[in-house]
There are 2 protein chains.
Amino acid sequence: MAAEDDGIALGPLDTFVGYHMRRSSALMAADFNAAMAGTGIRQVLFGVLSIIAANPGINQGRIGAALGIQRANMVTLINELMDAGFILRTVSPEDRRAFVFQLTDLGSAAVADGLARIRRHEDRLLAGLSSAERETLITLLKRIEAAAPA
Amino acid sequence: MAAEDDGIALGPLDTFVGYHMRRSSALMAADFNAAMAGTGIRQVLFGVLSIIAANPGINQGRIGAALGIQRANMVTLINELMDAGFILRTVSPEDRRAFVFQLTDLGSAAVADGLARIRRHEDRLLAGLSSAERETLITLLKRIEAAAPA
DNA sequence: TATTGTTATACTCTATAACTATA
DNA sequence: TATAGTTATAGAGTATAACAATA
């Protein structure tokens, strides 16, 4: 899964941000999954839980908007988290079309455990970067997110 | 597809490299696909073409190793590129189990056209980063690739 | 009419296991 | 027996279009 470098030239590929983004993102995702093994939580699911934790009472559409997940794809994710007992779904008092969400106690515990695992996972994987470099990296990535077309 | 920031708090998510990597990588991939529209070339396919261009006569397994693609998944990719007429497959003279590859003229043209498109796409998307920042970004990403477990 | 959530569907990417033919 | 490529298959992520209920 890591970058193999058996004397194989990457050519111009090596100069593209997109290529290295794709590779390193995939590697981080694989290590994330290893760190989360047994919890049933994947990157997207942790994202959803995290948004609910930080915005209790938020509705489904806004969670998707925050994470770049389409309405149609939110449905399965929410159902998974409901089935796992991590979230509580209620009809919005202000808009009876919408569902609003809260974490259950189990969900809060899953977020806390997940945060600890993710911190260890990132500390391990990014041990070669100073904290300044890590911040630089996040800053640069955020600028790309901000620049990307709607 | 871009980062929505309608006053929705990301919480701790915002502090994770993995989260921003995932988002920005997805955004770059979407913009890549838009830039390549009509060519039939996706990120993985361009990667394979690029490796063959830089290493004529390379075999299937080594292409996969260079790009982190499993043997089983290489098969379809190679078949796609064969069907498109971009590559030439011959049995290796040294090892009759292995196939070695060259670009066809059409494949060379596709790579040249792709390179131009990708450069425009990255220049547009990364216009907010100085060239020094772009290099910093690539350097940091490469260090993550190097650090990731095998 | 527009919006929230849903269903159905399809394509891509990735992963594993078992097979074949050569080495 | 190990390796190169293949087949079959499954899980996950993401995309679009059409629908029901509510606004």
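Below, chain A is the first sequence line, B the second, and so on; all start at residue 1.
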OG (A/Ser50) and CG (B/Leu13) are apart, to the nearest 0.5 Å, by 4.0 Å
Per the under-4.0 Å heavy-atom filter, residues of residues 90-101 of chain A near DNA chain D come out as A/Asp95, A/Arg96, A/Arg97
Here the distance between atom C1' of C/dG5 and atom CD1 of A/Ile58, to the nearest Å, is 15 Å
- Between A/Arg42 (side chain) and A/Asn33 (backbone), is there a donor-acceptor pair under 3.5 Å? no
Does D/dG5 have its OP1 or OP2 closer than 4.0 Å to a side-chain nitrogen or oxygen of B/Arg62? no
On DNA chain D, more 5' by nearest nucleotide between A/Leu77 and B/Met74 is B/Met74
Under 3.5 Å, is there a donor-acceptor pair between the side chain of B/Arg62 and the main chain of A/Ile8? no
A/Ile87 atom CD1 is separated from C/dG5 atom C1', nearest whole Å, by 14 Å
Worksheet entry | Any donor-acceptor pair under 3.5 Å from A/Ser25 side chain to A/Arg22 backbone | no
From CZ of A/Arg71 across to P of C/dT9 the rounded distance in Å is 19 Å
From CG of B/Asn79 across to C1' of D/dA4 the rounded distance in Å is 15 Å
Between CG of B/Leu67 and P of C/dT12 the distance, given in whole Å, is 18 Å
What donor-acceptor contacts under 3.5 angstrom involve side-chain atoms of residues 108-123 of chain A, with partners at least two apart or in another chain?
{"from": "A/Ser108", "atom 1": "OG", "to": "A/Thr104", "atom 2": "O", "distance (Å)": "3.3"}
{"from": "A/Asp113", "atom 1": "OD1", "to": "A/Arg117", "atom 2": "NE", "distance (Å)": "3.4"}
{"from": "A/Asp113", "atom 1": "OD2", "to": "A/Arg117", "atom 2": "NE", "distance (Å)": "2.8"}
{"from": "A/Arg117", "atom 1": "NH1", "to": "A/Ala35", "atom 2": "O", "distance (Å)": "2.9"}
{"from": "A/His121", "atom 1": "ND1", "to": "A/Asp31", "atom 2": "OD2", "distance (Å)": "2.7"}
{"from": "A/Glu122", "atom 1": "OE1", "to": "B/Val17", "atom 2": "N", "distance (Å)": "3.0"}
{"from": "A/Glu122", "atom 1": "OE2", "to": "B/Val17", "atom 2": "N", "distance (Å)": "3.2"}
{"from": "A/Glu122", "atom 1": "OE2", "to": "B/Gly18", "atom 2": "N", "distance (Å)": "2.7"}
{"from": "A/Asp123", "atom 1": "OD1", "to": "A/Arg134", "atom 2": "NH1", "distance (Å)": "3.3"}
{"from": "A/Asp123", "atom 1": "OD1", "to": "A/Arg134", "atom 2": "NH2", "distance (Å)": "2.9"}

Notebook entry, point to check: Reckon A/Arg22 has a side-chain N or O less than 4.0 Å from the OP1 or OP2 of C/dT14?
Noted result: yes
Considering every strand and a 4.0 Å limit on heavy-atom distances, what is the contact class for A/Gln70: base, sugar-phosphate, or nothing?
base
Rounded to the nearest 0.5 Å, the CD1 atom of B/Ile138 sits from the CG atom of A/Leu140 at a distance of 11.0 Å
When rounded to whole Å, the CZ to C1' distance for the pair A/Phe32 and C/dT14 reads 17 Å
Under a 4.0 Å heavy-atom cutoff, the residues of residues 39-53 of chain A touching DNA chain D are A/Arg42, A/Val44
note: A/Asn59, atom CG; D/dT22, atom C1'; distance rounded to Å ~ 14 Å
From CG of B/Asn73 across to C1' of D/dG11 the rounded distance in Å is 12 Å
- Message: Between B/Arg89 (side chain only) and B/Met82 (backbone N and O only), is there a donor and an acceptor less than 3.5 Å apart?
- Response: no
Output for pair (A/Leu88 CG, A/Leu106 CG), nearest 0.5 Å, gives 11.5 Å
Value for CZ (B/Phe46) from CZ (B/Phe86), rounded to nearest 0.5 Å, stands at 11.0 Å
